[in-house]
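Nothing here was measured: the structure is a model prediction, and the numbers come from that model. Letters A, B, ... are given to chains in the order of the sequence lines, protein chains preceding strands, and every chain is numbered from 1.
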There are 2 protein chains.
Amino acid sequence: MSRLRGSVTIDDVARHVGVAKGTVSRVLNNYTDISDSTRKRILKAVQDLGYQPSATARNLKRGRQDTLGIIIPVGHGNGADPFLAEFIDGIARALDELGLDLLVTTAHSRDHVIQTLKRLIARRKVDGFIVTRTEVDDPRIAYLNELNFPFVAHGRTGDPSGYAWFDIDNEATFADGVRHLYSLGHERIGFVGGSLDLNFARQRREGYRQGLEALGVRHDPDLETIQTISEEGGLAGAEALLSQAAPPTAMLCATDALAIGVVQFCRKLGLKAGSDVTVIGYDGLPVGEYLDPPLTTYSQSAQEAGGRVARMLIDLLDGKEPQTLQALAKARLIRRASDGAPSMTSDALANVLRDRLNQQPPSGSKGE
Amino acid sequence: MSRLRGSVTIDDVARHVGVAKGTVSRVLNNYTDISDSTRKRILKAVQDLGYQPSATARNLKRGRQDTLGIIIPVGHGNGADPFLAEFIDGIARALDELGLDLLVTTAHSRDHVIQTLKRLIARRKVDGFIVTRTEVDDPRIAYLNELNFPFVAHGRTGDPSGYAWFDIDNEATFADGVRHLYSLGHERIGFVGGSLDLNFARQRREGYRQGLEALGVRHDPDLETIQTISEEGGLAGAEALLSQAAPPTAMLCATDALAIGVVQFCRKLGLKAGSDVTVIGYDGLPVGEYLDPPLTTYSQSAQEAGGRVARMLIDLLDGKEPQTLQALAKARLIRRASDGAPSMTSDALANVLRDRLNQQPPSGSKGE
DNA sequence: AAGTGTTCCAAAACCGGTTTCGGAAGTCAA
DNA sequence: TTGACTTCCGAAACCGGTTTTGGAACACTT
């Protein structure tokens, strides 16, 4: 009969038992107005025939898809983010328990993201979205809010009211970073930050400043630098901070990518991170473990975050108010080997650097 | 009227124009039996009302979902694979052009994979699957073949006939690796492989052997070791090969994870990869760039592979025969800095190693 | 015996599209 | 003028579920 491979429909079950298909449906949806004997006969038939309802047909009537969407932004060709891979893993695990699924799409520009959002919503392919890498002024969030379409953000925007989000307490974490460095004995603590368009970058700088203030250390603007978030940015940032008359003995970096660049710059100058100078990153990237020395960094569990965000979205779809779905978590310090007590004062460091910066070869030639 | 936010249905459009909804549908599906004037009026109304057909309703009738599925296997808690992140990116890009979407699920055990497969098929949520990390005897492929459900594998199984796949020519690539090492001057070339349950691991060892044979170099079983694919496996593999009387001066590794372990073991012994000993990996992991020295490796573009596999699956759904959809690609050698001409003979190396292996401290303490 | 509830389920409407069927109107040749 | 074809489109069936409606059968009052 049915030309689709083995697909058993509700009609097949109904016919097999000799009842109306509505009755089968009611049994499967736990209505109470079915006699025990009929219920049993139907359940047996469902078993025997291996019937599973078609998600499509059910969704058409119900108006739900049992599918959540995530749109991952990807740069031009430059691979995907390992954080996102784990994040998605966390989401998928959480959804699996509830029989929901995750639709993953990538978008390569700001316009493309909105366009994809629009398509997925109009075509009704998903019930809600998970938005990652929020910006201070995020067009996706504006769009979804306007449509009143359910979503949860991983990370906040400039105005974090009125929608559901889960975020790391960047301020507290970076203030903690400053405290940690200070307790190691560092007094000149630098900060290598990222573009202030990104909300988290702004918050991390704020946390750095708050940390200093809490300790009563004067905030020196020369110890702060803003770079693009990349290894190159880290190189530039380290150069900017270290070539000063009174360089920092420790550098707190907004991301691991920046920290990796900083460590590289230090190595080029023959400085060893962890003893000559201290570097701390943020992200807990696996790459950090293989660095020389292994990078000390703050980390949140991406998988945990994914699960958390997914559960929040489900709550939202169940009717909870977005305002009640806002949560902060703190990142954990993973001490590896790029931090330690200062081996020399800022002045001594400046002396060492003065010579080396001059004789520094133009490029990273390895020598024999 | 409609209680769903702004959702315009085909009926709205039909009413607005004053035609039957079937007519609207025919216009949108490019039927030819519609007069130009009617077509224009309808298209205008579609524009004006911002109508987009509901994927759900369309799928119900069509029996297609315009959605492909991928199930990523994840170990217990130990993060996701960066390769897969890029692979998914490649798939998503290819699908985006055609308006298809990708459903991503994770599974944490063999049974769970089959179970998820079953659910997704029975519920008719996807039209086809992409299967990654194939095993020599892969239950997923057996299951899908049995059901005659469309899928494309990334990687082959022991019996690669009868289904669509895309794979790297592991044999050719590893034979090429041997040739490369030989041309650098290495004569004792080792191989650190992975569990032979994994099909690619088997093929890579085969390629290694073929490479030797093609050069007329005698195959020495002592130069081959099989380890679990991980950094630890690499450490163990390096120890096994290097502690012999006639150690290899170069080691070809089945994956980057193994190669990373090998490099680490060498470093612990004070050997520098790229000069004292040569190490080549496979995977092109970004991590490799940050290694000291940066790892020379073979790589396929994960993104490209994803796109390729996605397009194959689409062809399959369009009715192409699976047998015509089988393709091999060759990996590219990315020369970084862990390979080079041998700086000493196997004998000399053995001498150096003899001392160092004895005075080797039990654990990886860094010293000052 | 008639009226009033329950209990249980069949039948039909509905979700929003696609596709089939058939017929009205117009065109053209005979 | 009539018959045969086209052209174009309305009406209805259909996909496979869920939900509403309504009524048969039975038990229980009064």
J.: Without decimals, in angstroms, what is the distance between A/D11 CG and D/dT18 P?
T.: 12 Å
J.: For B/L43, enumerate each residue passing the side chain to side chain contact (heavy atoms under 4.5 Å, CB included) test, keeping only those at least two apart in sequence or located in another chain.
T.: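 Expected list: B/V27, B/L28, B/R39.
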J.: Check residues 56-63 of chain B and write down every donor-acceptor pair under 3.5 Å in which the side-chain atom is one partner and the other belongs to a residue at least two apart or another chain.
T.:
from	atom 1	to	atom 2	distance (Å)
B/T56	OG1	A/Q65	NE2	3.1
B/N59	ND2	B/A55	O	2.9
B/R62	NH2	B/N29	OD1	3.4

J.: May I ask you to verify if any side-chain N or O of B/Y31 is less than 4.0 angstrom from the OP1 or OP2 atom of C/dT18?
T.: no
J.: Can you tell me how far P of D/dG17 sits from CZ of A/R62, to the nearest Å?
T.: 12 Å
J.: Report the residues that fulfil salt bridge (Lys or Arg N to Asp or Glu O under 4.0 Å) with B/D66, sequence neighbours left out, ordered by chain and then residue number.
T.: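 Here the qualifying residues are B/R64.
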J.: Please walk me through it: do A/Y163 and A/T157 pass side-chain hydrogen bond (donor to acceptor under 3.5 Å, both in side chains)?
T.: CA-CA 10 Å; A/Y163 64 91; A/T157 55; 2.8 Å; yes
J.: Show me the donor-acceptor pairs within less than 3.5 Å that the side chains of residues 308-323 of chain A make with the rest of the protein, sequence neighbours left out.
T.:
none

J.: Report all side-chain donor-acceptor pairs from residues 30-38 of chain B shorter than 3.5 Å, counting only partners two or more places apart or in another chain.
T.:
from	atom 1	to	atom 2	distance (Å)
B/S35	OG	B/T38	N	3.3
B/S35	OG	B/T38	OG1	2.8

J.: Distance check needed: D/dG16 C1' versus A/L60 CG, whole Å only.
T.: 9 Å
J.: At 10 degrees resolution, what angle do the end axes of the helix from C/dA1-D/dT30 to C/dA30-D/dT1 form when each is taken over five base pairs?
T.: 70°
J.: Provide, to the nearest angstrom, the distance between the CD1 atom belonging to A/I42 and the P atom belonging to C/dC8.
T.: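 After rounding, the reported distance stands at 13 Å.
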J.: Between C1' on D/dG17 and CG on A/L28, what's the gap in Å once rounded to a whole number?
T.: 11 Å
J.: If you look at every strand shown and take non-hydrogen atoms under 4.0 Å, does B/N29 touch a base, only sugar-phosphate, or nothing?
T.: sugar-phosphate
J.: Counting only side-chain heavy atoms from C-beta out, which of D/dT19, C/dT18, C/dG16 sits nearest to B/T9?
T.: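 The answer is C/dG16.
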J.: Run A/D89 and A/R93 through salt bridge (charged side-chain N to carboxylate O under 4.0 Å, His left out) and show every step you take.
T.: CA-CA 6 Å; A/D89 180 22; A/R93 279 170 195 248; 3.1 Å; yes
J.: Which residue pairs pass the side chain to side chain donor-acceptor pair (under 3.5 Å) test with at least one member in residues 135-147 of chain A, sequence neighbours excluded?
T.: A/R110-A/E135, A/D138-A/R140
J.: Using whole Å, what does the distance between atom P of nucleotide C/dT18 and atom CG of B/N30 come to?
T.: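 Those two atoms, CG and P, are 11 Å apart.
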J.: Reading nucleotides 7-13 of chain D from the 5' end, what letters show protein touch, with B for base, S for backbone sugar-phosphate only, - for no heavy atom under 4.0 Å?
T.: -BBBB--
J.: Does B/S25 reach a base, just sugar-phosphate, or nothing at all? Heavy atoms under 4.0 Å.
T.: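 Base: the residue B/S25, judged by heavy atoms under 4.0 Å, touches a nucleobase.
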J.: Rounded to whole angstrom units, what separation is found between the CD1 atom of B/I10 and the P atom of D/dC14?
T.: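 Whole-Å distance recorded here is 19 Å.
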J.: Tell me, please, which residues at least two apart from B/R41 pass salt bridge (Lys or Arg N to Asp or Glu O under 4.0 Å).
T.: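 Result, salt bridge (Lys or Arg N to Asp or Glu O under 4.0 Å) vs B/R41: none returned.
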J.: Does B/Y51 put a side-chain nitrogen or oxygen below 4.0 Å from OP1 or OP2 of C/dG17?
T.: yes
